[in-house]
Every structure is written in C-alpha cells, then in structure tokens.
K.L.:
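Before I ask anything, let me first share the structure, which is written out below as structure tokens.
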Amino acid sequence: MAIMDESSDYSFEECYRLERKLMSGSYGTVYVGMGVDDYKDMRYAVKVVDRSKLSSRDDEAQQNEVSILRYLGTEQQANPADDVGIIYIIDFFKSPKSFHIVMELAEGGDVFDRLAKRKVYTEKDARDLARRMLTSIQFMHERGIGEFLT
C-alpha cells in the first residue's frame, strides 16, 4: 500500500472546531471535535500532530497510518457484520506545520485506562478482550497489513 496524499481540499478550520482535550502524547494531542455547518451536531476525535516534532521517517509513518486506517475502514464498511473494532478515519488535513486526523469518537476511551479503573478483571473479561484483539489482528492480516508495520 503506497502512501497517498489524501488530504482534504479544505482547511481543518473550515470543516471542524476543537472542543476539549482528551489526551496528549509525544507527537500530538487528541481532542473532541465538532463539525461545522451541515455536520455541527457530529462529534469526532481529532488527533493534532505537530510535524516539527517528527523526523522525516515519523512524518511518513504518520501518513502511512492514515492510509492504512482509511483502507481498513473502507474494508470494514463493506462488511458491517464484521465489526472488528477499528476506528474509522473521517477526514485528514495536512499542512506544513501539522496533521489533523479526524476519526470516529470512541466514547469508551482507551483500553488501558478502562482496565486500570477496574477493581475486578475476570478470566472471561480477559478472554473477551483477547478474542476482540485477535479478531482485529486477523482482519488486518487477511488484508496484508502486517507487511506495512515493520
């Protein structure tokens, strides 16, 4: 899968606005975002990546990740019965200073954070999570994604 310049023709600010911060990482921050105009009632997760913090290799890897997630989202939408828990990329904006990656908002939050909050974690819980993760890995493997992750 080649890296594609799949950036939107519009600016991020023309289409979305950032609301509140969800979390920060070493390269960027994830916010809750809202659409504007026709999509003003829609909520999204928006990952804002500061490109000045990325090496050229990391910059390319970030764009590759967007291409892979777009492809997987298209594949999952074609087979809606196969809900494998992969987040959809809604939109992508590329500027010289940043990437804005608009994704579906997963209200449940980060898996690690949810596990850390639990007081009890049963064998059934572990089995269900492992099954879900392995199903996602199988879905990606069947579509040749593994070769792009090395």
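Worth saying up front: this structure is predicted, and the values here are computed from it rather than measured. Heavy atoms only: backbone and side chains are in, while hydrogens, waters and symmetry mates are out.
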K.L.:
Sequence neighbours excluded, which residues qualify as side-chain contact (heavy atoms from CB on, under 4.5 Å) partners of Glu104?
P.N.:
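Expected list: Ile87, Tyr88.
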K.L.:
What's the verdict on side-chain contact (heavy atoms from CB on, under 4.5 Å) for Val46 and Ile101, showing C-alpha distance, side-chain angles and the deciding distance?
P.N.:
CA-CA 5 Å; Val46 180; Ile101 305 164; over 6 Å; no
K.L.:
Would you tell me whether Tyr44 and Asp91 have side-chain atoms, one donor and one acceptor, within less than 3.5 Å of each other?
P.N.:
no
K.L.:
Identify whether Leu22 and Val48 are in the same connected component of the hydrophobic contact network (ILVMFWY, side-chain heavy atoms under 4.5 Å).
P.N.:
no
K.L.:
Kindly compute the distance separating CD1 (Ile90) from CZ (Arg70), expressed to the nearest 0.5 Å.
P.N.:
9.5 Å
K.L.:
More than 12 non-hydrogen atoms from neighbouring residues, nucleotides or ligands closer than 6.0 Å to CD on Glu123, yes or no?
P.N.:
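Counting neighbours around CD of Glu123, 12 or fewer heavy atoms of other residues, nucleotides or ligands fall under 6.0 Å, so no.
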K.L.:
Could you please spell out the steps behind the side-chain contact (heavy atoms from CB on, under 4.5 Å) verdict for Arg143 and Gln138?
P.N.:
CA-CA 9 Å; Arg143 284 147 183 86; Gln138 178 183 14; over 6 Å; no
K.L.:
Under 4.0 Å between a side-chain nitrogen and a carboxylate oxygen: does that hold for Asp59 and Arg51?
P.N.:
yes
K.L.:
Rounded to the nearest 0.5 Å, what separation is found between the OG1 atom of Thr122 and the CZ atom of Arg127?
P.N.:
8.0 Å
K.L.:
With Arg118, which residues qualify under side chain to side chain donor-acceptor pair (under 3.5 Å), at least two apart?
P.N.:
Asp125
K.L.:
Nearest 0.5 Å please: distance from the OH atom of Tyr31 over to the CE atom of Met23.
P.N.:
13.0 Å
K.L.:
Is there a continuous path of hydrophobic side-chain contacts, each under 4.5 Å between heavy atoms, that joins Leu69 to Tyr71?
P.N.:
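Same cluster.
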K.L.:
Just checking, any donor-acceptor pair under 3.5 angstrom between side chains of Tyr27 and Asp50?
P.N.:
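Per modelled atom types, Tyr27 and Asp50 side chains form no pair under 3.5 Å.
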K.L.:
Atom CD1 of Ile137 and atom CD1 of Ile145: how far apart are they, to the nearest 0.5 Å?
P.N.:
13.0 Å
K.L.:
Is Phe139 close to Leu72 at the side-chain level, that is, under 4.5 Å between some pair of heavy atoms?
P.N.:
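Answer yes - side chains close enough.
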K.L.:
At their closest point, which heavy atom of Val30 faces which heavy atom of Ala45, and how far apart are they?
P.N.:
CG1-CB, 4.3 Å
K.L.:
Would you check if Arg57 and Gln62 make a side-chain contact, meaning some heavy-atom pair closer than 4.5 Å?
P.N.:
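SC-SC contact between Arg57 and Gln62 ruled out.
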K.L.:
With a 4.0 Å cut-off, would you call Asp128 and Lys124 a salt bridge?
P.N.:
yes
K.L.:
Give a yes or no on whether Ile89 and Leu105 share a hydrophobic cluster (residues Ile, Leu, Val, Met, Phe, Trp, Tyr; joining criterion: side-chain heavy atoms under 4.5 Å apart).
P.N.:
no
K.L.:
Yes or no on side-chain contact (heavy atoms from CB on, under 4.5 Å) for Asp58 and Glu60, after CA distance, side-chain angles and deciding distance?
P.N.:
CA-CA 5 Å; Asp58 289 336; Glu60 185 176 315; over 6 Å; no
K.L.:
With sequence neighbours excluded, tell me which residues meet side-chain contact (heavy atoms from CB on, under 4.5 Å) with Met133.
P.N.:
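Result, side-chain contact (heavy atoms from CB on, under 4.5 Å) vs Met133: Leu129.
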K.L.:
What residues, two or more places apart in sequence or in another chain, satisfy side-chain contact (heavy atoms from CB on, under 4.5 Å) together with Arg17?
P.N.:
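With sequence neighbours excluded, Arg17 shows a side-chain contact (heavy atoms from CB on, under 4.5 Å) to Glu19, Met34, Val36, given in chain and number order.
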K.L.:
Among residues at least two apart in sequence or on other chains, which ones pass side chain to side chain donor-acceptor pair (under 3.5 Å) with Ser136?
P.N.:
none
K.L.:
Do Cys15 and Phe93 touch side chain to side chain, with heavy atoms closer than 4.5 Å?
P.N.:
yes
K.L.:
So, using side-chain contact (heavy atoms from CB on, under 4.5 Å) as the criterion, who are the partners of Glu14 when residues are at least two apart?
P.N.:
Tyr10, Ser11
K.L.:
Taking it one step at a time, do Phe99 and Val66 satisfy side-chain contact (heavy atoms from CB on, under 4.5 Å)?
P.N.:
CA-CA 10 Å; Phe99 295 127; Val66 168; over 6 Å; no
K.L.:
Please report the interatomic distance NE2(His100) to OG(Ser95), rounded to the nearest 0.5 Å.
P.N.:
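Taking NE2 in His100 and OG in Ser95, the distance rounds to 7.0 Å.
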K.L.:
So how far is it from Thr135 OG1 to Met140 CE, rounded to the nearest 0.5 Å?
P.N.:
10.5 Å
